[in-house]
Amino acid sequence: MDLQILLLLGQDGLTNGAIYALLALALVLVFAVTRVIFLPQGEFVAYGALTLAALQAGKLPGTVWLAVGLGVAVVLIDGGLALKSGNLKRLPRIILGNLGLPLVLLGLISGLEAEALSALALPLQILLTLGIVVPLGPLLYRLVFQPIASATPLVLLIVAVALHMTLIGLGLVFFGAEGFRTQPFSDGAVEIGPLLVQHQTLWILFASVALIALLYVLFERTIYGKALRATALNRTGARLMGISTTMAGKLSMGLAAFIGALSGVLVSPMTTLYYDSGFLIGLKGFVGAIIGGLASYPVAALGAVLVGLLESYSSFYASAFKEVIVFTLIIPVLLWRSLTSHHVEEEEE
Amino acid sequence: MNAAHEPKTVLEVSDLCVAYGKVEALHKVSLRIRAGEIVTVIGPNGAGKTTLLSALMGLLPYRGDVAYVGRELDAHVEVEERVGQGLTLVPEKRELFGEMSVEDNLLLGAFHRYRSGERDHAQTMEEVFTLFPRLKERRTQAAGTLSGGERQMLAMGRALMAKPKLLMLDEPSLGLAPLIIKEIFRIVAELKQTGVSILLVEQNARAALQVADYGYVLETGEVSLEGPSRELADDPRVIETYLGLGGKKA
């Protein structure tokens, strides 16, 4: 292998690794705050990519209907509860908060002609995509995980698997079985040394670094980010400060949906994505998260980049075993973790 | 109901019952706290003192009537809503955010107020620092690295960031050195000047009765004695069981 191939593979690995790192961060965040091993993380990636592809094809993406449907369900449940307790003042907020954005987007997109929709500037299309997919996070949390918030991690995992299956099935209904690519953010490539780097690659790396920086600022500098960390550190302590576990759960899954959808939007010009492509991408982020013990953000991100590089180099040497090699990485990591860290009781006296 | 000069009731608990499964931990407990008062609940280990506070905070289901500033609080009212109404608990285990700095711990104490649009947390933090100068020295240190006394101060300071109407303290002296205990109780007495009502649960009966206006003795889930704390401190039954021989001197 010459230097050029080495660099080329490295570039591929870094690009994919950056995406896996974002997903790993989302997984660590959701687990820390809610104890859910969030298997459906990958579905947000596919939904993001395919929603954007549908918009670019001038079609109304089915995910809008999903957001509206989930919004209606939440309004019925929460609205019913508010009515029962005579808390009428909360009704407008419940309706607006859960159904406002999905309905506005539904009206907006179905109001546009197909040509106008596909001719929309890319940043606007991306904004629409995020506006559709991100609310799915909090809505799904409310409907699926909030009622069982105090269940054991195992029960939560089983429910996460069920949700993952459901979302994949819905993805097939919404987008069909064929794959899609979206337009790159900008065409062209730049020469860096012996390498020709696609603009999209630079976009991915830039956006990933920017997003990681944004998350850092969120958690270190804002009171809401600190409240999320507090919930992860000490749930009872957080509740006593008036930080509601429900709010923290919705916020963390909203962030997870945002990270997932943005990842999908970023990679979709590089790879053809199918309704079920999200799972494998998410799983690689998961390997990274495991390397970080589902607890450390920097180690999870670095682990995910390592996964990207390993995948890229193994696809050159033994392409048939690419996935095998990547997922086998988990075995030595788990061995090492179980040998070096002692078991800590969840509720220490 | 009462004449204007009579201080109004902050918390009125009647016939409170709490059960863990079939085991009843509290049986028909009634108590009352007036505005600006320190009320203490003393009693042996396992009498149900922590259970009482957890129930009042909404962490445990209960039966019975709890009226807080005139409003009925039934068991369904969530912890977060109680915090929003000015009820704050400093739990026995402190429940600090160990990896976060002292400053961030304090800031989160004001989370609920921040969320409802009150942005005076910087000023409140200065007030807390005046009360606990030690916390100011340690402001950038992680809460997990503090000493026992400092942790208790941080837990109290964090609770005060919420500007509570009723502050509930669960065994603030637990596991602390005598000098620190003195300091903590001095601060509890000082807090009274700020107008906050305090419900103080303690095993250290002598110190608690010294600082409180009124006291209840809780034994095996029931109130066995109650009265103004000076009278309780002179009561032979209290002296024998809780104050020991040194009781008269105190």
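Hydrogens, waters and symmetry mates are skipped; everything else that's a heavy atom, side chains included, is used. Letters A, B, ... are given to chains in the order of the sequence lines, protein chains preceding strands, and every chain is numbered from 1.
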Original post:
Using non-hydrogen atoms and a limit below 4.5 Å, what part of residues 153-173 of chain B faces chain A?
Top reply: B:Arg158
Original post:
Any donor and acceptor pair, going by atom type alone, linking the side chain of B:Arg138 with main-chain N or O of B:Val102 inside 3.5 Å?
Top reply: no
Subject >> Under 4.5 Å from any heavy atom of chain A - which part of B:Arg82 >> reply: neither
Subject >> A:Ser263 and A:Tyr20 side chains, donor-acceptor separation under 3.5 Å >> reply: no
Subject >> Residue part contacting chain B, namely of A:Ala232, when any heavy atom lies under 4.5 Å >> reply: neither
**OP:** With a 4.5 angstrom heavy-atom cut-off, could you sort out which part of B:Tyr114 is near chain A: side chain, backbone, both or neither?
**Re:** side chain
Original post:
So which of A:Asn234, A:Thr245, A:Leu233 has the largest heavy-atom pair count under 4.5 angstrom toward chain B?
Top reply: A:Asn234
Original post:
Can A:Glu220 and A:Lys226 be counted as an ion pair, charged N to O under 4.0 angstrom?
Top reply: no
**OP:** Would you kindly say whether B:Glu92 and B:Thr50 are connected by a side-chain donor-acceptor distance under 3.5 Å?
**Re:** yes
**OP:** Apply salt bridge (charged side-chain N to carboxylate O under 4.0 Å, His left out) to the pair B:Arg63 and B:Glu24, showing each step before the final yes or no.
**Re:** CA-CA 11 Å; B:Arg63 285 178 297 117; B:Glu24 203 169 46; 3.8 Å; yes
N/O donor to acceptor pairs below 3.5 angstrom from side-chain atoms of residues 135-148 of chain A, sequence neighbours left out:
| from | atom 1 | to | atom 2 | distance (Å) |
| --- | --- | --- | --- | --- |
| A:Arg142 | NE | A:Asp78 | OD1 | 2.9 |
| A:Arg142 | NE | A:Asp78 | OD2 | 3.3 |
| A:Arg142 | NH2 | A:Asp78 | OD1 | 2.8 |

Subject >> B:Leu96, part contacting chain A, at a heavy-atom distance under 4.5 Å >> reply: backbone
Original post:
Between B:Tyr216 and B:Thr40, does a side-chain contact (heavy atoms from CB on, under 4.5 Å) hold up when you go through it step by step?
Top reply: CA-CA 6 Å; B:Tyr216 295 84; B:Thr40 186; over 6 Å; no
Original post:
Looking at B:Glu81, B:His76, B:Met57, B:Met100, which one has more heavy-atom pairs under 4.5 Å with chain A than the rest?
Top reply: B:Met100
Subject >> Donor-acceptor under 3.5 Å (B:Asn105 side chain, B:Phe97 main chain) >> reply: yes
Original post:
Are B:Glu103 and B:Lys136 ion-paired here, with the side-chain N under 4.0 Å from a carboxylate O?
Top reply: no
Original post:
So what's closer than 4.5 Å to chain A heavy atoms on B:Glu78: side chain, backbone, both or neither?
Top reply: side chain
Original post:
Is a donor on one side and an acceptor on the other found under 3.5 Å between the side chain of A:Thr340 and the backbone of A:Trp336?
Top reply: yes
**OP:** Could you have a look at B:His121, B:Glu99, B:His112, B:Arg115 and say which one has the most heavy-atom pairs with chain A under 4.5 angstrom?
**Re:** B:Arg115
